[in-house]
Amino acid sequence: MDQPVEGFSKLSKEEKIDWIAHRYTANPDTTVTLLKQYWNADKQLQQLHDEFIENTLTNFYLPLGVAPNFLINGKLYAIPMAIEESSVVAAASKAAKFWFDRGGFQAKVLGTEKIGQVHFLFFGDPRQLSKFIEDIQPVLRADTRGLTSNMENRGGGISRIELRDKTSDIKGYYQLHCTFETLDAMGANFINSCLEQFAATLVREAGRNSDFADLDPPVEILMSILSNYVPNCLVRAEVSCPVTDLGAESGISGAEFARKMVQAVAVANSEPYRAVTHNKGIMNGVDAVVLATGNDFRAIEAGVHAYAARSGQYRSLSQAEVSDGIFRFWMDLPLALGTVGGLTGLHPLARLAHEILQKPSAPQLMQIVAVAGLAQNFAALRSLVTVGIQRGHMKMHLLNILNQLSATPLEKEILIDHFKTHTVTHNAVVKALEANRALG
């Protein structure tokens with residue numbers, strides 16, 4: 001059995017690469033060459049990337065594309081998207097073009113409240129605890145003044161601190177449930193610093209309280225951490241137009257298209273198996289913009305999917321209706337995003353993405369991201385209820401297949417033209433390429 005490596009983090013990058021290549025890959029020389037191919041030639045820029053995480057070996061590239069012609073609240077945007085999946089950028093662009101002539105997208109922020117919690121155990125009288133928390137509210141705020149003053153000067157800070165009794169779930173378990181406004185910052189470090197100070201204050205003040213003299217300890221802190229579930233940090237994106245303005249869609253009338261769209265959303269609302277894939281399509285658009293702008297797409301994913309299950313069943317994030325001849329398609333999303341701090345200002349391409357978006361505030365970025373998700377969902381449903389999802393997807397996937405098969409530029413040109421009128425499957429592409437090579 002292999003022995004664990006000691007002091008790996010202290011090795012140089014070259015030594016780490018050599019170790020991983022010889023220990024875990026079949027052709028170490030090829031591995032070393034591959035990893036170094038993705039280094040940036042600018043040593044200072046490469047060092048910046050090396051220091052984003054620990055034990056860096058190289059850079060892992062994702063395509064950065066742009067979806068143009070997004071009309072959002074009357075303002076035109078080109079939306080940067082970092083994603084590897086074929087057809088996502090094309091689908092978003094197609095949806096943007098479709099709605100450009102129908103009034104564009106409307107978006108509004110419904111709330112910007114973020115949440116953090118101090119989880120603790122207490123085995124005394126709950127009424128005494130409730131009074132104690134109420135009494136120390138000013139102390140909790142005073143002890144965090146050094147952390148919150150700058151945020152408060154800009155209009156943010158701590159909104160509320162409340163005690164939540166969770167003893168019906170776990171014996172002795174309580175929370176300080178705290179809400180924050182962090183303005184253009186995502187605010188994770190700010191929130192966590194405040195929560196850890198709340199915990200320290202709670203322990204100190206509980207130790208001084210005579211009502212808790214018989215308790216040892218008076219309170220036991222379990223953890224202090226923000227929540228990525230932010231149901232009150234919410235943005236709405238929507239499109240609407242008269243059904244008569246939808247036009248014919250792949251052989252069906254505008255009215256029939258609208259009816260099918262409403263039914264497709266109804267299915268996703270009632271069937272979790274469909275809802276997961278339905279919402280995954282939304283997140284294709286959301287994650288691509290979140291990643292391009294240097295935000296935390298894992299946090300967004302976790303919060304969004306929790307929101308989709310808030311009723312007790314996992315459901316569609318988007319909604320659709322036809323009322324008085326108007327087709328309306330909309331979505332509410334919980335999005336805790338930042339435009340300052342973290343990688344948003346450190347990663348050169350994230351900075352560029354913010355510049356392309358005309359340097360939005362955090363609420364503006366929330367609206368842009370939600371619109372990208374709605375556009376992606378509209379494009380996917382539009383295909384599903386008309387021609388099917390595979391026609392467009394496989395057309396976009398064709399180039400990936402040709403690259404896997406090491407097609408030459410001329411072969412790509414010939415095969416792309418061929419599949420303008422033929423169904424794309426992996427097997428069909430292989431046979432067409434083999435036939436072309438046999439001729440030539």
Side-chain angles (χ1 to χ4, degrees), residues 37-38 40 45 49 52 58-72 75-100 104-105 107 237 239 279-298 300-301 304 333 335 337 339 343-360 364-383 389-404 407 409 412-413 416 419 424:
Q37 278 179 342
Y38 283 86
N40 197 289
L45 183 59
H49 282 266
F52 285 160
T58 191
N59 308 311
F60 189 94
Y61 290 174
L62 286 177
L64 176 65
V66 65
N69 302 322
F70 271 90
L71 187 62
I72 305 174
K75 186 175 181 178
L76 194 60
Y77 290 90
I79 300 183
M81 305 179 81
I83 191 166
E84 86 298 341
E85 185 171 334
S86 301
S87 79
V88 169
V89 176
S93 301
K94 190 174 181 180
K97 183 179 180 181
F98 180 92
W99 285 106
F100 182 87
F105 294 82
V239 287
N279 291 344
K280 185 269 181 185
I282 292 170
M283 300 313 292
N284 279 344
V286 169
D287 285 349
V289 187
V290 170
L291 189 57
T293 56
N295 276 273
D296 186 347
F297 71 92
R298 286 91 44 195
I300 296 300
E301 282 273 354
V304 164
L333 276 185
L335 295 173
L337 299 172
T339 57
L343 286 189
T344 59
L346 190 58
H347 195 297
L349 288 177
R351 288 203 307 268
L352 178 62
H354 285 268
E355 184 177 354
I356 291 170
L357 291 173
Q358 302 165 65
K359 298 183 178 178
Q364 288 169 333
L365 183 59
M366 289 169 65
Q367 295 174 66
I368 293 165
V369 169
V371 162
L374 188 72
Q376 197 66 35
N377 190 220
F378 177 81
L381 290 181
R382 183 187 187 190
S383 293
I389 201 72
Q390 282 301 88
R391 179 191 292 184
H393 180 75
M394 291 307 292
K395 290 285 187 183
M396 293 301 300
H397 193 50
L398 173 59
L399 192 58
N400 285 346
I401 299 173
L402 290 171
N403 282 330
Q404 289 172 8
K412 290 177 185 177
E413 184 179 339
I416 287 171
F419 281 103
V424 179

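None of these values were measured; they are calculated from a predicted model.
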With sequence neighbours excluded, residues passing ring pair (Phe, Tyr, Trp, His ring centres under 6.0 Å) with Y61
Y38

Does the side chain of N279 reach to within under 4.5 Å of the side chain of V304, using non-hydrogen atoms?
no

Of all heavy-atom pairs linking L291 and A82, the shortest is CD2-O, 3.7 Å

Taking every heavy atom of L76 against every heavy atom of Q358, the minimum-distance pair comes out as O-NE2, 3.3 Å

Considering only heavy atoms from C-beta outward, does the side chain of L346 approach that of L343 to under 4.5 Å?
yes

Roughly how far, to the nearest 0.5 Å, is the NZ atom of K412 from the CG atom of L398?
10.5 Å

Output for pair (E84 CD, N400 CG), nearest 0.5 Å, gives 9.5 Å

Check whether any side-chain heavy atom of Q364 lies under 4.5 Å from a side-chain heavy atom of L357, and answer yes or no.
no

Closest non-hydrogen atoms of L64 and P80, given as atom of the first, atom of the second and distance, are CD1-CB, 4.3 Å

If you draw a 6.0 Å radius around NZ in K75, do more than 12 non-hydrogen atoms from other residues or ligands fall strictly inside?
yes

The criterion is side chain to side chain donor-acceptor pair (under 3.5 Å); which residues satisfy it with Q367, sequence neighbours excluded?
N73

Could I get the full list of side chain to side chain donor-acceptor pair (under 3.5 Å) partners for N40, not counting sequence neighbours?
none

Are the side chains of D287 and I83 in touch, meaning some heavy atoms are under 4.5 Å apart?
no

Does a side-chain heavy-atom distance below 4.5 Å link N295 with I300?
no

Where is the tightest heavy-atom contact between V371 and I72, given as atom of each residue plus distance?
CG1-CD1, 3.8 Å

L365 side, atom CG; L335 side, atom CG - distance, nearest 0.5 Å
8.5 Å

Any T344 side-chain heavy atom under 4.5 Å of T339 side chain
no

Closest non-hydrogen atom pair between A375 and F105, with its separation:
CB-CZ, 3.8 Å

For H347, check ring pair (Phe, Tyr, Trp, His ring centres under 6.0 Å) against everything at least two apart and list the hits.
H49, F52

Could you state the interatomic distance from CZ (F378) to CH2 (W99), rounded to the nearest 0.5 Å?
5.0 Å

Do H354 side-chain atoms and T293 backbone N/O form a donor-acceptor pair below 3.5 Å?
yes

Would you please name every residue forming a salt bridge (Lys or Arg N to Asp or Glu O under 4.0 Å) with K280, sequence neighbours left out?
E85

By ring pair (Phe, Tyr, Trp, His ring centres under 6.0 Å), Y77 pairs with (sequence neighbours left out) none

Can you see which heavy atom on A92 is nearest to which on A67, and at what distance?
CB-CB, 4.2 Å

Given I416 and L402, is the side chain to side chain contact (heavy atoms under 4.5 Å, CB included) satisfied, shown in steps?
CA-CA 9 Å; I416 287 171; L402 290 171; 4.3 Å; yes

